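Worksheet for the structure shown next.
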Amino acid sequence: MFQERYRQIERMLRECTDEEDVLLTTGGDHADLASTVAFKLAKKQRRPPHQIAGDIAGRLAADPDLGDIQVEAQGPYVNFRFGPSLLAEAVREALEPGYGELPGHPERVVLEHTSANPNGPLHVGHIRNTVIGDSLARAFRKAGYPLEVQYYLNDMGRQVAIVAWGLDHLGIAREEGEKEDHYVARVYIAANQRIQENPAITEEIDHLMQGVERGDPETAGTFRAAVSLCVEGIRATLAALNAHHDRFVWESDFIRIGDVDRVIEQVRRLPQTHEDETLWIDLSEEGFEKKYILRRSDGTSVYSTRDLAYHTWKGRNYDRVIDVLGADHKLIGAQLQATLGLLGERVPEIVYFEFVSLPEGSMSTRAGKFVSADDLVEEVTAKAFEEVTARRPELSIEERHAIAESVAIAAIRYDIVKVSPEKSTVFNWIEALNFERQSGPYIQYAHARACSILEKAGEFERAYRYETEHEVALARHLALFPAVVERTVAELRPHHLAAFARELADLFNAFYHYNPVLKSEGETQISRLTLVDAVRNTLQESLETLGIDALRSM
RNA sequence: GGGCUUGUGGCCUAGUCAGGAUAUGGCGUCAGCCUCCUAAGCUGAACAUCGGGGGUUCGAAUCCCCCCAAGCCCGCCA
């Protein structure tokens, strides 16, 4: 409803003013839609803007095409407000299963996110990547794109060599019940300590790395075993977070199948490429000062070379390539984009997010200085279990535990996704454990309330008459959801979805407080029940795009 | 030193790309609301030189310039 009306009003304003951009935006409290085009015309027509706005409103009001939209000039603003039949239409649409879905797009999208190095568990910095990436993936699916989500597994880096060496030489045993990735981190930290004490070990590490680059089967096997072990733990964490990857892509495969050699050949033909003891590209014309080295003097490839091969492959198999990367990748990401551009390959769209640090400073897997995602989930789940037990002592332990798990993931994911990605953040236990207002559980709670009312009401005939301020505000807000999905995908910024869901919960709670549903009667009651059902459905759909369970009871 | 990003009440945050109507919410503080659809809720109060200074404009949190502060990056690491 909203998007159609937006386009309609935009078109009518264009015809009425002969302006290409009619400055149409949402009008906040004043209106559903509002235009400031009168300011722009004031200069050209040398008339005061309020007069022009009045003329425009007068002419549009006389146009029968406007239908159930009221138009009014308020000073220099031309305000549009949706009438009762449009609000009814909005509620009707919001009741549909899958509400918010957009017409399908043909472009196949590949979205890469998380891709943390397999040398330890995911920590609270990594999962910002996970939550942003997974929410975006869900938004893309809702927006009608065929999508594949990938995890790029760095299985031949120096850290992996260090882990493999540590597993071989340090004799550290896995503890009873210790998760694979946490065990790997322990070995990695210990191995790094050992290297610091005895730098000669570095040569052994180099030797391992050359072996894996040559494709030496024994070394490759050790690396693969180390990586597989860690990935098992990482997968479990991702699953707990409700984040799903369709495919894990192993970096070393691009060497094994010859893609790295092929991309080197391609690079060689570029006029910007130089070959001395190393192979490098001069990207100074693209604004980069340093050499972009793609082959070491010992003939081995670097991370960038393999990444180039990976992105070439993605670009040839998908219509859009999207990466979610930490801000520390900005330079190499830009170099990658520039190089792919020179090669005539598809250039990826990159979503950057700023760093998450701890109050005592930035995190480091090597130094063992991090809060793991698993510890976070455990702590938050324990707190959620306490809360559920206090509120719903009559539920069984199993039921309370299931609710606590969902509430914990909601709290964690929402806490991360609500902040726009370009803000750096400091991890804060107090906020992570807060389930009030601007939180995932708060939105889940609004949903559960709606479910509870509907369950008590039983069967009812639908009706769509909305008069109170709270009813109208809710219906207006419901109408925005598809536009929010569209905006999220257009801007690659999932925090819009978080804000929409929270505002909907806010409006519903206010409505709940002031407009009784079950105690009302007649058409008012069935209209309110219909509205509650539409809110329930829209909350469910928006929570789904955020990867949060829409609990029916909590 | 250079580049990128950020700077909004005590704390966190929306709005900045597409400049407009009294700057969005939350936490915390203070004062209220459960004989009433789940109080993980609702209401009210106090709290803001939108980092600072210039400029453009009828109009700037938003655009331009300078400065300050914080984070990140600048490897034949990944």
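The sequence lines fix the lettering, A, B, ..., with proteins before strands; numbering per chain opens at 1. Small disclaimer: the values here were computed from a predicted structure and weren't measured. Keep in mind that the numbers below use all heavy atoms, side chains included, and drop hydrogens, waters and symmetry copies.
- Val160(A) comes within contact range of no nucleotide atom at all, as no heavy-atom separation falls under 4.0 Å.
- With hydrogens and angles left out, the side chain of Asn79(A) and the base of rA21(B) share a donor-acceptor pair within 3.5 Å.
- Distance from the side chain of Thr36(A) is smallest for rG20(B) among the nucleotides rG41(B), rU6(B), rG20(B).
- Aromatic pair Tyr77(A)/His30(A): ring centres not closer than 6.0 Å.
- Donor-acceptor pairing under 3.5 Å, judged by distance alone, is present between the side chain of Ser297(A) and the base of rC76(B).
- Remark: Arg306(A) does not engage Asp259(A) in a salt bridge, criterion side-chain N to carboxylate O under 4.0 Å.
- Around atom CD of Glu203(A), no more than 12 heavy atoms belonging to other residues, nucleotides or ligands sit under 6.0 Å away.
- Distance from the side chain of Ser420(A) is smallest to rG15(B) among rC73(B), rG15(B), rC76(B).
- Picking from rC37(B), rG41(B), rC72(B) the nucleotide with the shortest atom distance to the side chain of Arg449(A) gives rG41(B).
- Residue Gln438(A) places no side-chain atom within donor-acceptor reach of the base of rC27(B), judged by atom type and a 3.5 Å distance cut-off alone.
- Within a heavy-atom distance below 4.0 Å of RNA chain B, the residues of residues 404-416 of chain A found are Val407(A).
- When the nucleotides rG41(B), rC37(B), rG15(B) are ranked by their closest atom to the side chain of Val517(A), rC37(B) comes out on top.
- An anti base is found at rC74(B): its glycosidic angle is more than 90° from 0.
- Remark: ring of His30(A) stacked against base of rA21(B); centroid gap under 5.5 Å, plane tilt under 30°.
- When each of rA39(B), rC37(B), rC27(B) is scored by its nearest atom to the side-chain atoms of Leu518(A), the top-ranked nucleotide is rC37(B).
- Across all strands, Phe435(A) comes closer than 4.0 Å to base atoms (heavy-atom distances).
- Within a heavy-atom distance below 4.0 Å of RNA chain B, the residues of residues 495-503 of chain A found are His495(A), His496(A), Arg502(A).
- Each of Thr300(A) and Ala384(A) was assigned the nucleotide of RNA chain B with the nearest heavy atom; the assignment lying further toward the 5' end belongs to Ala384(A).
- Contact annotation for Asn515(A): base contact, defined as any heavy-atom pair under 4.0 Å involving a base atom.
- Classification of the His123(A)-His126(A) ring pair by plane angle, with boundaries at 30° and 60°, yields parallel.
- For Glu277(A) and Arg295(A), the salt-bridge test fails: no basic side-chain N is under 4.0 Å from an acidic carboxylate O.
- In this structure, Val302(A) reaches the sugar-phosphate backbone alone: every heavy-atom distance under 4.0 Å involves primed, P, OP1 or OP2 atoms, never a base.
- Tyr514(A) comes within 4.0 angstrom of sugar-phosphate atoms only, judged by non-hydrogen atoms across all strands, and of no base.
- Note on Ala457(A): nothing from the nucleic acid sits closer than 4.0 angstrom, heavy atoms only.
- Between Tyr310(A) and Tyr152(A), the distance from one ring center to the other falls under 6.0 angstrom.
- Comparing rG7(B), rC42(B), rA39(B) by their closest approach to the side chain of Tyr512(A) singles out rA39(B).
- When heavy atoms are screened at a 4.0 angstrom cut-off, Glu491(A) is found touching base atoms of the nucleic acid.
- The nucleotide whose nearest atom lies closest to any side-chain atom of Tyr445(A) is, among rU5(B), rA39(B), rG20(B), rA39(B).
- When distances run from any side-chain atom of Arg296(A) to the nucleotides rC27(B), rC76(B), rU57(B), the shortest one goes to rC76(B).
- Within 4.0 Å (heavy atoms only), Ser439(A) reaches no atom of the nucleic acid at all.
- The nearest whole Å value for the distance from the NE2 atom in His470(A) to the P atom in rG41(B) is 17 Å.
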Between the protein and nucleotides 28-31 of chain B, list the N/O to N/O atom pairs that are separated by less than 3.5 angstrom.
none

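- Considering only side-chain atoms of Arg437(A), the nucleotide from rC74(B), rC27(B), rC36(B) that sits closest is rC27(B).
- Distance Arg158(A) CZ to rC76(B) P: 13 Å, rounded to the nearest Å.
- Separation of the Phe500(A) and His477(A) ring centroids falls under the 6.0 Å cut-off.
- The nearest heavy atom of RNA chain B to Asn428(A) and to Asn117(A) marks one nucleotide each, and the one closer to the 5' end goes with Asn428(A).
- Considering all non-hydrogen atoms of both residues, Pro494(A) and Thr488(A) come closest at CA-CG2, 3.6 Å.
- The separation between Ile443(A) atom CD1 and rG25(B) atom C1' is 12 Å, rounded to whole Å.
- A stacking contact between Tyr77(A) and rG20(B) is absent: the pair does not combine a ring-centre distance of less than 5.5 Å to the base's six-membered ring with planes differing by less than 30°.
- The pair Glu422(A)-Arg493(A) counts as a salt bridge, with a side-chain nitrogen and a carboxylate oxygen less than 4.0 angstrom apart.
- At the heavy-atom level, Arg487(A) lies under 4.0 Å from base atoms of the strands shown.
- As rounded to whole Å, 15 Å separates atom P of rA39(B) from atom CD of Glu387(A).
- Heavy atoms of Ile430(A) sit nowhere under 4.0 angstrom from any nucleic acid atom.
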